[in-house]
Amino acid sequence: MRSTLLAPVFSVRAFAELMLHLKLQTSLQAAVRAVLPDADVANVLVRPCPDARHGDYQSNALIAVAKQGKLNPRQLAEQVQARLDVTEICDAVEISGPGFLNFRVRPAALAGVLQAAARGEHLFFAKAAQPRTVVIDFSSPNVAKPMHVGHIRSTGIGDSLQRVFRLLGHRVITDNHIGDWGTQFGKLLLGWKQILDRDALAADAIAELERLYKVINAECDATPARLEEAKQELVKLQAGDAENIAVWQEMIRVSQAQFDTIYGRLGVKFDHALGESFYNPQLGAVVNDLLARGIARESEGAVGVFSDGSLPPKSDPFLVNRDGEWSADPALVRKSDGGFNYMTTDLATVDYRLRTWSPDEIVYVVDDRQAPHFRKLFLTFARWQPEAAAKVKLVHVGFGKILGEDGKPFKTRSGDTVKLGDLLDEAEARALKVVTEKNPDLPGAERNEIARIVGLGSVKYADLLPNRQSDYQFSWDKMLALQGNTAPYLLYAHTRVRSILRKGAELSAVSGQQPAVSLNAPDEIAVAKQLLNFGLVLEAVAEEYRPNFLCNYLYDLAGRFARFYESCPVLKAEGAERATRLLLCELTGRVLRQGLEVLGIETTDQM
RNA sequence: GCACCCGUAGCUCAAUUGGCUAGAGCGUCUGACUACGGAUCAGAAGGUUCCAGGUUCAACUCCUGGCGGGUGCACCA
């Protein structure tokens with residue numbers, strides 16, 4: 001039942017009708033060419049007005065064009081305006097300020113787009129004309145460790161981005177680069193063999209593995225002999241010892257089961273989960289190739305990639321300044337003991353992904369602290385495989401920390417990291433309390449389901465809302481509030497839409513056919529205009545890797561809908577007015593649902 | 001020490017190629033309730049966008065220099 005609503009089929013004609021700003025842009029570019037045949041119109045763009053008082057769409061490009069041709073921008077604007085024919089969409093085009101063109105869309109033009117949407121031809125966005133293949137690498141939990149609050153951001157942002165790219169028609173490959181290899185397994189193996197509690201493992205495998213690690217790690221810190229034992233276990237694992245391999249695989253298996261539980265709750269899926277160990281067989285060859293090509297060299301027994309001097313020292317990630325002297329800060333690809341580093345794994349991973357999927361783009365959703373690592377990785381890869389690197393865009397989508405309400409890194413009261421499972425439990429419990437307060441008459445099962453959607457949605461939304469590069473404060477009260485830019489507010493707006501539509505029984509007669517659409521009230525028009533910008537926002541999210549653009553858009557839409565709801569009775573209206581208002585409800589509901597869905601948030605008809 | 005990120009209303013946060021009068025929520029103050037579910041809506045007050053220069057017709061946005069906070073700086077990932 002959802003697919004019919006969420007997967008509209010597009011026709012080419014609907015696409016052209018849908019993007020009013022593109023039609024305006026085409027007309028504007030033609031008018032500029034008529035005035036200035038030699039002008040470069042590639043940057044003559046029409047965008048939504050940041051301030052509705054000036055109009056619906058604007059172009060500020062004429063100012064730049066005038067400057068280039070040493071013309072008076074105001075005069076140029078007037079000449080262009082005289083050649084501009086957009087009567088189909090706008091009543092008049094205004095010139096303001098130094099040479100802005102402001103477009104005000106006629107309600108009839110809006111109505112046409114709404115009608116096409118009513119016929120199911122689009123939902124205010126269009127599939128990409130040139131689909132790209134995009135690999136998205138996110139979440140990346142570690143084996144034998146619990147997923148914690150730190151994984152929310154990568155998982156939520158990454159999942160939202162992959163949903164947006166898919167919705168826009170791109171070919172997306174998601175890959176969970178699980179931490180399933182590394183020195184910690186020496187200690188874990190030692191613990192498994194000597195102090196494993198089978199009952200505890202059965203009850204809570206991750207907790208038991210975590211205990212093993214902590215105990216052995218403390219022992220290793222205290223006694224060098226113990227550390228040596230752990231190292232021997234690691235060496236045996238790396239050498240392919242059958243017993244150690246079997247134990248290691250068992251640790252991965254039980255960890256994966258825990259990951260799957262969390263991902264199941266979050267509704268997150270991956271196309272692949274090729275962990276670090278997957279690349280083990282290739283690491284030696286990567287290093288040898290880097291050595292053979294003179295990109296890496298030996299230093300102090302290790303092998304590293306050093307600066308090639310192509311960048312100024314200040315912006316060269318392979319250099320570090322110590323006491324006024326620039327010295328080497330190489331990317332190590334082999335340790336002095338012969339082991340490999342995660343740089344090596346990451347290089348092999350890029351190589352594998354390019355060979356396997358030929359992506360146009362690889363996106364890493366990883367916290368900002370690793371920015372220097374990714375700069376080194378991307379630069380090293382470009383030196384290693386210049387031809388391949390030229391064809392792919394490698395992007396590090398970084399994000400800031402989650403802070404507690406005291407402004408310090410988010411921890412439990414006892415100072416431990418917050419486990420993701422516990423966090424989700426608490427979100428649902430808190431949401432249930434609110435739902436029970438507001439709606440005590442609902443059956444318990446329904447309240448639980450609503451609480452699940454609201455609780456998980458609140459956590460996800462609170463995480464996606466802030467500009468991802470900055471840190472944000474985690475606040476239960478704020479994310480669960482019914483007022484303000486929150487998931488509950490948006491979900492509530494959706495339930496109000498659904499409530500009206502349940503009562504507007506003849507809606508089925510409205511959608512599917514050609515409803516009479518007549519936009520008159522300012523609050524009707526305000527909703528309609530916002531609906532039209534859905535596609536632009538989705539494209540901006542994909543362009544900047546920033547789901548918060550979509551959050552802000554949806555909040556704006558919900559606000560406009562609330563005003564419309566307040567001032568424009570739907571069910572008491574008649575004729576074309578009623579049909580128009582029902583349609584606005586229907587389309588607002590669909591956009592809210594689709595928008596929340598690509599944020600990874602489910603919707604509900606009741607709260 | 002060096003590099004990167006951040007600094008916007010009392011608090012938490014926005015601001016779509018640099019665009020016209022910098023926006024929300026909370027908190028404070030004032031209105032609208034037997035409601036198409038008020039879990040709402042309308043309005044008021046609240047700003048030298050850390051500071052100082054610079055570029056530009058136009059700067060929260062770009063550049064330079066400070067100040068304040070965070071993070072990272074060879075064999076962890």
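Numbered from 1 within each chain, the chains take letters A, B, ... in sequence-line order. Quick caveat, the model's predicted, so the values are computed rather than measured.
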Is the phosphate of [N], meaning OP1 or OP2, less than 4.0 Å from a side-chain N or O of [X]?
X        : N      : value
A/Tyr555 : B/rG23 : no
A/Arg546 : B/rA15 : yes
A/Tyr489 : B/rC41 : yes
A/Asn548 : B/rA15 : yes
A/Ser499 : B/rG37 : yes
A/Lys478 : B/rC26 : no
A/Gln469 : B/rC5  : no
A/Asn102 : B/rC20 : no
A/Lys67  : B/rC57 : yes
A/Arg502 : B/rG37 : no
A/Arg468 : B/rA14 : no
A/Tyr472 : B/rC6  : no
A/Lys503 : B/rG37 : yes

Classify [X] by what it touches in the nucleic acid, base, sugar-phosphate, or nothing, heavy-atom distance under 4.0 Å.
X        : result
A/Ala328 : base
A/Gln184 : nothing
A/Thr495 : base
A/Asp368 : nothing
A/Lys572 : sugar-phosphate
A/Pro98  : base
A/Ser299 : base
A/Gln58  : base
A/Asp441 : nothing
A/Glu300 : base
A/Asn552 : sugar-phosphate
A/Ala302 : base
A/Asn439 : base

(message) What's the gap between B/rG68 and B/rU30 when it is taken at their C1' atoms, as a whole Å value?
(response) 39 Å
(request) Could you work out the separation of B/rC5 and B/rC41 based on their P atoms and round it to a whole Å? (result) 38 Å
To the nearest Å, how far apart are [X] [atom1] and [N] [atom2]?
X        : N      : atom1 : atom2 : answer
A/Ile450 : B/rA39 : CD1   : C1'   : 12 Å
A/Ile63  : B/rU17 : CD1   : C1'   : 13 Å
A/Asp477 : B/rG25 : CG    : C1'   : 13 Å
A/Ile402 : B/rC5  : CD1   : P     : 21 Å
A/Gln370 : B/rG72 : CD    : C1'   : 11 Å
A/Gln483 : B/rA42 : CD    : C1'   : 16 Å
A/Leu582 : B/rC36 : CG    : P     : 14 Å
A/Asn60  : B/rC57 : CG    : P     : 15 Å

Once you apply the 3.5 Å cut-off to both distances, tell me the Watson-Crick or G-U wobble partner of [N], or none.
N      : value
B/rG72 : B/rC2
B/rU49 : none
B/rA44 : B/rU28
B/rU61 : none

Closest to side chain of [X], choosing from [options]:
X        : options                : answer
A/Arg47  : B/rA74, B/rA39, B/rU16 : B/rU16
A/Arg53  : B/rU17, B/rA39, B/rG23 : B/rG23
A/Thr183 : B/rA3, B/rC20, B/rC76  : B/rC76
A/Lys401 : B/rG70, B/rA74, B/rC20 : B/rG70
A/Arg563 : B/rA77, B/rU21, B/rA42 : B/rA42

Between [atom1] of [X] and [atom2] of [Y], what distance do you get to the nearest 0.5 Å?
X        : Y        : atom1 : atom2 : answer
A/His148 : A/Phe410 : NE2   : CZ    : 13.0 Å
A/His21  : A/Leu536 : NE2   : CG    : 4.0 Å
A/Leu582 : A/Leu571 : CG    : CG    : 6.5 Å

(request) Kindly assign one of parallel, tilted or perpendicular to the pair A/Tyr364 and A/Phe374, based on the angle between their ring planes and the thresholds 30° and 60°. (result) tilted
(request) Give the ring-plane orientation class for A/Phe185 versus A/Trp248, where under 30° counts as parallel, over 60° as perpendicular and anything between as tilted. (result) perpendicular
(message) Can you tell me whether the side chain of A/Tyr342 and the base of B/rA77 have a donor-acceptor pair closer than 3.5 Å?
(response) yes
(request) Tell whether A/Ser96 reaches the base of B/rC20 with its side chain through a donor-acceptor pair below 3.5 angstrom. (result) yes
(request) Could you tell me whether A/His396 and A/Phe378 have their ring centroids closer than 6.0 angstrom? (result) no
(message) Is it the case that the ring center of A/Phe564 lies less than 6.0 angstrom away from the ring center of A/Phe561?
(response) yes
(message) Please compare A/Tyr565 and A/Gly484 by the position of their nearest nucleotide in RNA chain B and report the one closer to 5'.
(response) A/Gly484
(request) Count the heavy atoms belonging to other residues, nucleotides or ligands that lie under 6.0 Å from CD of A/Glu446, then report whether that count exceeds 12. (result) yes
(request) Ignoring hydrogens and angles, state whether a donor on the side chain of A/Asn485 or A/Tyr461 is under 3.5 Å from an acceptor on the partner side chain. (result) yes
(message) Looking only at side-chain N and O atoms, does A/Tyr472 offer a donor or acceptor that is under 3.5 Å from a partner on A/Asp463?
(response) yes
